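Only one structure is covered here, and it is reproduced in the block below.
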There are 2 protein chains.
Amino acid sequence: MAQRTSGSSPRPGEARPVARINGAAAHELDPLRAIPEATIARLAVYLRVLSAITEGDTTVVSSDELALAAGVNSAKLRKDLSYLGSYGTRGVGYEVGTLIGQLSGALGLLQDRSVAIVGLGNLGQALSGYAGFASRGFRIAALFDADPARIGTTIRGLTVRDVAELGHYVAVEGISIGLIAVPVTAAQEVCDALVAADVTSILNFAPTVLSAPEGVDIRKVDLAIELQILSYHEHRKSARPPSALVRGRAQAQLGDR
Amino acid sequence: MAQRTSGSSPRPGEARPVARINGAAAHELDPLRAIPEATIARLAVYLRVLSAITEGDTTVVSSDELALAAGVNSAKLRKDLSYLGSYGTRGVGYEVGTLIGQLSGALGLLQDRSVAIVGLGNLGQALSGYAGFASRGFRIAALFDADPARIGTTIRGLTVRDVAELGHYVAVEGISIGLIAVPVTAAQEVCDALVAADVTSILNFAPTVLSAPEGVDIRKVDLAIELQILSYHEHRKSARPPSALVRGRAQAQLGDR
DNA sequence: GCGACTTTGTGCAGGCGTTCACAAGCGGCT
DNA sequence: AGCCGCTTGTGAACGCCTGCACAAAGTCGC
């Protein structure tokens with residue numbers, strides 16, 4: 001979340017007095033503007049569900065169907081999609097191919113992005129082998145580690161480089177996203193190195209809070225915290241075994257994140 | 001998120017007419033009640049930061065110090081902690097040991113919890129070796145897989161069992177949390193098996209939406225989605241290179257999740 | 001013992017996100 | 001051609017969360 005300077009303050013030059021041209025909202029003209037953070041995460045889910053649908057011969061989906069498959073409310077889904085513009089047909093639904101194109105465009109997936117993985121312990125190696133990356137246009141372009149025993153080895157066709165050469169390879173490969181999978185003690189250091197190399201998006205797997213200058217996006221994946229959240233709910237459940245089953249949630253998946 | 005039946009409807013037996021005894025709010029008497037979901041995730045972060053602090057010889061922290069280390073606003077931190085009750089001393093701060101105890105209690109970490117990992121591919125193996133689990137009282141009690149080539153092998157001292165025997169071991173080991181690290185195609189099936197075995201908390205790493213009956217908490221960790229969220233921001237950044245650096249965020253870490 | 005200083009705990013207002021409910025719009029049937 | 005049914009797109013209300021600002025409350029020094 002963070003604060004995200006509320007209005008994004010449109011510069012005086014581009015006045016934009018509630019621009020609205022023949023029923024098209026302003027954001028349709030400028031699809032890069034102001035999609036709520038919570039929506040972004042769901043758009044990625046919709047995209048995945050749609051990809052699964054293309055396997056069959058369905059060419060049109062209604063918001064109800066898609067919402068069910070994505071595990072969300074259909075009103076929410078329509079509102080989410082409306083941030084991209086109006087690509088549905090009333091009385092019919094959404095054309096799958098069109099929607100996939102729009103979602104991909106909005107998420108910036110039409111251009112391939114190169115990612116680097118720093119740290120090739122168990123987790124880093126698992127990440128390097130994760131098939132889900134390539135299928136969404138993410139190219140693992142470089143692997144880095146600080147352990148001399150690992151440097152020079154080949155993992156899934158890529159040579160592990162010395163993290164000291166990070167800047168060089170980031171520039172050469174045009175890497176814009178970095179994955180940090182190193183021990184806590186080295187995480188901030190690696191983060192600084194990535195920032196220094198002009199990587200502006202970081203996904204951090206180390207269980208620690210990183211700090212970076214503004215303009216750099218940091219997201220974290222923290223397994224221990226996920227478990228502790230589950231533990232909390234588990235604790236509550238066991239503390240009031242009877243009648244306490246009034247916890248509303250049919251198709252869970254706890255949003256947040 | 002999900003809806004979470006707002007009031008949790010206190011049972012008629014325990015009337016509780018806005019209970020407030022000498023300045024202590026009701027939730028202090030019943031620490032299991034109503035902590036906002038967003039707060040829970042942060043409590044786990046505070047706990048980790050505090051643990052790091054105990055390494056030194058500091059025994060007291062102020063909300064400002066702790067907030068800085070945790071990467072949040074100090075007002076938010078105080079409000080978060082206030083859900084646990086009043087354990088700070090005005091003019092001084094919070095006693096580290098006490099706070100750790102309270103946080104651990106609230107998150108249900110005082111009792112050890114047994115977890116099972118289903119699926120021992122790259123990711124599952126990495127998870128089984130993750131040190132951060134044990135240090136927070138999570139005991140990896142069983143490993144399951146469906147691949148005959150993996151069943152019977154030993155990973156970090158634990159024998160991999162046939163997923164068909166899941167129910168048996170879950171009962172014997174008292175497992176309450178299950179980690180799903182299997183391919184998408186098997187995820188729902190494994191989820192159902194866990195639910196059938198009375199596992200009521202699930203952490204899903206497979207990139208798919210799972211459905212489970214209410215009362216079962218499901219959280220997901222989806223790497224591809226994390227990357228797509230970063231991709232979106234990366235896309236926006238590159239689309240308006242100049243002046244667009246008004247993105248407020250000094251010590252990022254995008255809350256949500 | 002008292003005053004000044006420090007830090008907590010929280011009331012309140014504002015913003016963001018979710019949900020409902022319905023008007024607008026499109027296709028198909030007669 | 002006109003009507004009917006279906007589905008989208010969105011205005012508006014609600015609720016949760018955040019952040020400010022300040023009163024309450026404790027400590028330290030004299």
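By convention in this document, chain letters (A, B, ...) are assigned in the order of the sequence lines, proteins followed by strands, and residues within each chain are numbered from 1. This structure is a prediction, so every number in the text was calculated from the model and none was measured.
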Could you walk me through whether A:L223 and B:F133 pass side-chain contact (heavy atoms from CB on, under 4.5 Å), step by step? CA-CA 8 Å; A:L223 305 181; B:F133 292 158; 3.8 Å; yes
By nearest nucleotide on DNA chain C, pick out whichever of B:K79 and B:D64 is the more 5' one.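 Looking at the nearest nucleotide for each, B:D64 comes out on the 5' side.
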With nearest nucleotide decided by heavy atoms, which residue, A:G91 or A:T39, maps closer to the 5′ end of DNA chain C?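 The residue whose closest nucleotide sits nearer the 5' end is A:T39.
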Roughly how many Å is it from [atom1] in [X] to [atom2] in [N], rounded to a whole number?
| X | N | atom1 | atom2 | result |
| --- | --- | --- | --- | --- |
| B:K76 | C:dG15 | NZ | C1' | 13 Å |
| B:Y83 | D:dC16 | OH | C1' | 9 Å |
| A:Y87 | D:dT8 | OH | P | 16 Å |
| B:L99 | C:dT8 | CG | P | 11 Å |
| B:N73 | D:dA21 | CG | P | 12 Å |
| B:L77 | C:dT8 | CG | P | 9 Å |
| A:E65 | D:dC6 | CD | P | 14 Å |
| B:L81 | C:dT7 | CG | P | 16 Å |

I want to verify a distance call: between [options], whose nearest atom is closest to the [X] side chain?
| X | options | answer |
| --- | --- | --- |
| A:S62 | C:dC26, D:dT7, D:dA21 | D:dT7 |
| A:R42 | D:dT27, D:dT7, C:dT18 | C:dT18 |
| B:P36 | C:dG9, C:dT7, D:dC17 | D:dC17 |

Would you please say whether a donor-acceptor pair under 3.5 Å links the side chains of B:T200 and A:E234?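 Looking only at side-chain atoms, A:E234 and B:T200 do form a donor-acceptor pair, the distance falling under 3.5 Å.
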Are any of the side-chain heavy atoms of A:N204 and A:V221 separated by less than 4.5 Å?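 With C-beta onward as the side chain, the pair stays apart.
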Between B:Y130 and B:S135, is there a side-chain heavy-atom distance shorter than 4.5 Å?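 They are not in contact (no side-chain heavy atoms under 4.5 Å apart), so the answer is no.
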Is B:R90 side chain donor-acceptor paired with the C:dT8 base, going by distance under 3.5 Å alone?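 Per atom types, the contact qualifies.
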Rounded distance [0.5 Å steps], CG in B:L230 versus CD1 in B:I225: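 CD1 of B:I225 is found 12.0 Å from CG of B:L230.
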